[in-house]
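Worksheet for the structure shown next.
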Amino acid sequence: MLPILLTIAAFEGAVLGRIPPDIPGLVLGFMAVLVGLTLMVRGLEMSLFPIGEALADAMARRGHPAWLLGFAFALGFGSTVAEPALAAVAAQAAAAMAADPGIPVTLGQQEALASWIRYGIAIGLGLALVVGVWRTLKGWPVIWLVLPGYGLIALVSLLSDAPVIAVALDAGTAATSIINIPLMLALGIGLASVLRSRNALVDGFGIVVLASLAPMLMFIAVALILLGGG
């Protein structure tokens, strides 16, 4: 938290030339964030990360691709639904879309829209892990999937001015954060380590970029269909 505090203090004092209001409240809030993040990270290290690594190793050694792919989807979907960064982005995006007169979303539909964004991206990330595991099993270079995917996103961004594209880009990035990235890496590295013909460094990594890419593609496709092409 120290770099964040120093940056905010420097710009408040040197650039804006003011003292922030309610300093005791701000200090108390920062302390709450610090304690909460510390407990969260420590709890993940003690519980979810060891379980994820053990499950990834066990499912990889089990040998049947169907079980492995099913586990990959469940891991990606469950960890993404629980991702607090995605929940925050989904809520803010739903509020902004409800306030935009060009988007047919009412205030009453705002909560449902936030859930739709959250669960839709979780499904996309689950499918991304399935593709990532299949890529590791087949030995495909990750560049074969990344370049066409991001090229398609760039093309759609050039051809359409739909505001949901910007939402999709942020939501896809927010979907990969503190909870699911270590779990996804444990799955990729564990699988590559078990397979004799794979290299943990070459084949175990790259799954996170797929996990960030797939939700963007899915969100953009569904949003453009619902909005009639933007």
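- Within a 6.0 Å sphere centred on CZ of Phe30, other residues, nucleotides and ligands contribute more than 12 heavy atoms.
- The same ILVMFWY cluster, assembled from side-chain heavy atoms under 4.5 Å apart, contains both Val133 and Trp144.
- Going from atom CD1 of Ile23 over to atom CG of Leu28 covers 13.5 Å, rounded to the nearest 0.5 Å.
- Within a 6.0 Å radius of CE in Met40, more than 12 heavy atoms belonging to other residues, nucleotides or ligands are found.
- Pro215 approaches Gly124 most closely through the heavy-atom pair CG-C, 4.2 Å.
- Closest of all the heavy-atom pairs between Ala211 and Ala128 is CA-CB, 3.7 Å.
- Atom CD1 of Ile207 and atom CG of Leu145 lie 11.0 Å apart (nearest 0.5 Å).
- Of all non-hydrogen atoms in Ala114 and Ala90, the two that sit nearest each other are O-CB, 3.6 Å.
- Shown here are the side chain to side chain donor-acceptor pair (under 3.5 Å) partners of Glu12, two or more places apart in sequence or in another chain: Arg18.
- Taken from CG in Leu68 to CG in Leu137, the straight-line distance is 6.0 Å, to the nearest 0.5 Å.
- When atom types are taken as modelled, the side chain of Ser212 and the backbone of Val208 share no donor-acceptor pair closer than 3.5 angstrom.
- Between the CD atom of Gln92 and the CG atom of Asp170 there is a distance of 9.5 Å, given to the nearest 0.5 Å.
- Nearest heavy-atom pair across Ala175 and Ile121 is CB-CG2, 3.7 Å.
- Between atom CE of residue Met218 and atom CG of residue Leu125 there is a gap of 11.0 Å, rounded to the nearest 0.5 Å.
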With a cut-off of 3.5 Å and sequence neighbours excluded, list every side-chain donor-acceptor pair involving residues 69-82.
from: Ser79; atom 1: OG; to: Leu75; atom 2: O; distance (Å): 2.7
from: Ser79; atom 1: OG; to: Gly76; atom 2: O; distance (Å): 3.4
from: Thr80; atom 1: OG1; to: Gly76; atom 2: O; distance (Å): 2.6
from: Thr80; atom 1: OG1; to: Asn180; atom 2: ND2; distance (Å): 3.4

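- Taking the side chain as every heavy atom from C-beta outward, Tyr150 and Val209 approach each other to under 4.5 Å.
- Following chains of ILVMFWY side-chain contacts shorter than 4.5 Å, one can reach Trp67 starting from Trp134, so the two form part of one hydrophobic cluster.
- Residues Ile165 and Met216 fail the side-chain proximity criterion, which asks for heavy atoms closer than 4.5 Å.
- A donor-acceptor contact shorter than 3.5 Å links the side chain of Arg135 to the backbone of Trp140.
- Taken together through direct or relayed side-chain contacts under 4.5 Å among Ile, Leu, Val, Met, Phe, Trp and Tyr, Leu6 and Val33 form parts of separate hydrophobic clusters.
- A 4.5 Å side-chain heavy-atom check between Leu39 and Arg42 finds every atom pair outside the cut-off.
- To the nearest 0.5 Å, atom CG of residue Leu210 and atom CG of residue Leu127 are 12.0 Å apart.
- Using a 4.5 Å heavy-atom threshold, the side chains of Ile153 and Leu169 count as touching.
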